[in-house]
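Here's the structure we're looking at; comments come further down.
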There are 2 protein chains.
Amino acid sequence: MFITAISKKLKITTRAIRHYEEIGIINSKRLENNYRYFDQVNVDKLKFLVRARKLGFSLEECKELILLFENDNRRSEHVREIAKNKLKSIKKQITDLKDLEKSLKWLVLKCPGDNKPDCPIIDELAKG
Amino acid sequence: MFITAISKKLKITTRAIRHYEEIGIINSKRLENNYRYFDQVNVDKLKFLVRARKLGFSLEECKELILLFENDNRRSEHVREIAKNKLKSIKKQITDLKDLEKSLKWLVLKCPGDNKPDCPIIDELAKG
DNA sequence: GTATACCCTTACGTTAAGGTCAATATGTTT
DNA sequence: AAACATATTGACCTTAACGTAAGGGTATAC
């Protein structure tokens with residue numbers, strides 16, 4: 001398959017695909033005219049990558065996962081460890097964002113939102 | 001105050017402070033030796049900025065908030081609108097992350113995490 | 001007179017792509 | 001064969017908020 005066909009199939013841009021190749025996550029063959037050609041193996045890898053990205057893994061992490069994907073001697077504990085770490089960081093992000101949400105909610109609630117300058121939000125940010 | 005003193009006081013790096021100045025959010029005076037000098041007004045602005053950053057506002061948003069902070073003719077509804085928009089985007093981020101968390105949790109649970117290659121996480125990412 | 005603790009500017013690196021470009025390549029009309 | 005439309009290529013620019021390093025000035029203490 002050519003790059004545009006895959007990009008449509010996987011709903012990602014051609015630019016993204018080239019980027020993944022540039023940083024060595026995936027690869028492709030070249031035809032005589034220098035066009036990229038993706039065989040089934042490469043398409044499957046790309047599919048894997050897209051799915052992993054959707055699960056929140058960074059490209060670095062995806063790279064690692066693909067190596068495991070391709071390694072028949074992998075240990076599932078290794079894969080699980082990566083997923084657990086990601087889960088941990090996602091949990092932290094959620095906690096942090098919830099804290100922000102709480103503070104912001106409270107401030108928005110306290111602010112009259114009228115045409116006068118007195119504003120508890122500004123006051124809170126400015127307080128000594 | 002000099003830049004290092006403030007950075008220690010506000011627990012941010014000197015690089016961050018210079019950056020804020022570079023992009024025109026804050027400003028400072030210069031002494032004869034070209035050192036930055038921050039008077040009380042500038043320190044207060046920086047404090048405001050640091051607090052706003054902690055609440056998750058981008059530097060662009062902080063810039064806007066500081067303009068309102070300094071504008072005695074502001075309307076509190078303007079400030080409230082900015083905070084409400086931020087709140088909305090934070091809520092969306094939380095929802096998205098929770099979805100990821102759910103998927104990952106399930107995968108981690110299903111994976112045996114032993115020394116064998118069979119891994120439901122890999123299978124899930126690779127599935128047709 | 002040198003050690004150290006500051007301070008300065010310039011400028012490239014980071015994440016994960018998206019945008020834009022000119023230069024080729026291919027395919028279809030005329 | 002020439003004109004035109006569409007694909008593809010690599011390369012460089014941009015984003016956010018700094019981090020990091022290089023290379024050099026200044027101030028105080030010992």
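The sequence lines fix the lettering, A, B, ..., with proteins before strands; numbering per chain opens at 1. Note that this is a predicted model, so its numbers are computed, not measured.
Rounded to whole Å, the distance from CZ on A/F38 to C1' on D/dT9 is 12 Å. Atom CZ in B/R15 sits about 16 Å away from atom P in D/dA22, given to the nearest Å. We find that CD of B/E61 is positioned 12 Å from C1' of D/dA16, with the value rounded to whole Å. Computed from coordinates, the A/L10 CG to C/dA17 P distance equals 13 Å when rounded to whole Å. Between A/R53 atom CZ and C/dG18 atom C1' there is a gap of 13 Å when expressed in whole angstrom units. Distance CD1 (B/I26) to P (D/dC18): 11 Å, rounded to an integer number of Å. One interatomic measurement links the two molecules: CD1 of B/I3 to P of D/dA27, which rounds to 17 Å at whole-angstrom precision. As a whole-Å value, the separation of A/H19 NE2 from C/dG19 C1' is 14 Å.
By the neighbour-count criterion of 12 heavy atoms within 6.0 Å, atom CD of B/E60 is sparsely surrounded, having that number or fewer from other residues, nucleotides or ligands.
The phosphate of C/dC6 has OP1 or OP2 within less than 4.0 Å of a side-chain N or O from B/K8. Contact annotation: B/N33 side-chain N/O to D/dA27 OP1/OP2 distance is under 4.0 Å. The phosphate of D/dC18 has neither OP1 nor OP2 within less than 4.0 Å of any side-chain N or O from B/T13. Contact between the side-chain N/O atoms of B/R18 and the OP1/OP2 oxygens of C/dT10 is not found at any separation under 4.0 Å. Remark: B/R30 is in phosphate contact with C/dT9, judged by side-chain N or O atoms under 4.0 Å from OP1 or OP2. Distances shorter than 4.0 Å separate none of the side-chain N or O atoms of A/S58 from OP1 or OP2 on C/dT15. B/Y35 has no side-chain polar atom (N or O) that falls below the 4.0 Å cut-off from OP1 or OP2 of D/dA27.
In this structure, A/Y20 reaches the sugar-phosphate backbone alone: every heavy-atom distance under 4.0 Å involves primed, P, OP1 or OP2 atoms, never a base. Counting non-hydrogen atoms under 4.0 angstrom, A/I23 reaches nothing in the nucleic acid.
Each of A/N34 and B/E22 has a nearest nucleotide on DNA chain D; the 5'-most of these lies closest to A/N34.
Taking the charged nitrogens against the carboxylate oxygens, B/R51 and A/E124 have no contact shorter than 4.0 Å, which rules out a salt bridge.
The minimum heavy-atom distance between A/L104 and B/K86, with the atom names listed, is CD1-CG, 3.8 Å.
A/S28 contributes no side-chain N or O that, together with a main-chain N or O of A/Y37, makes up a donor-acceptor pair within less than 3.5 Å.
For the residue pair A/K29 and A/N42, no side-chain donor N or O sits within less than 3.5 Å of a side-chain acceptor on the partner.
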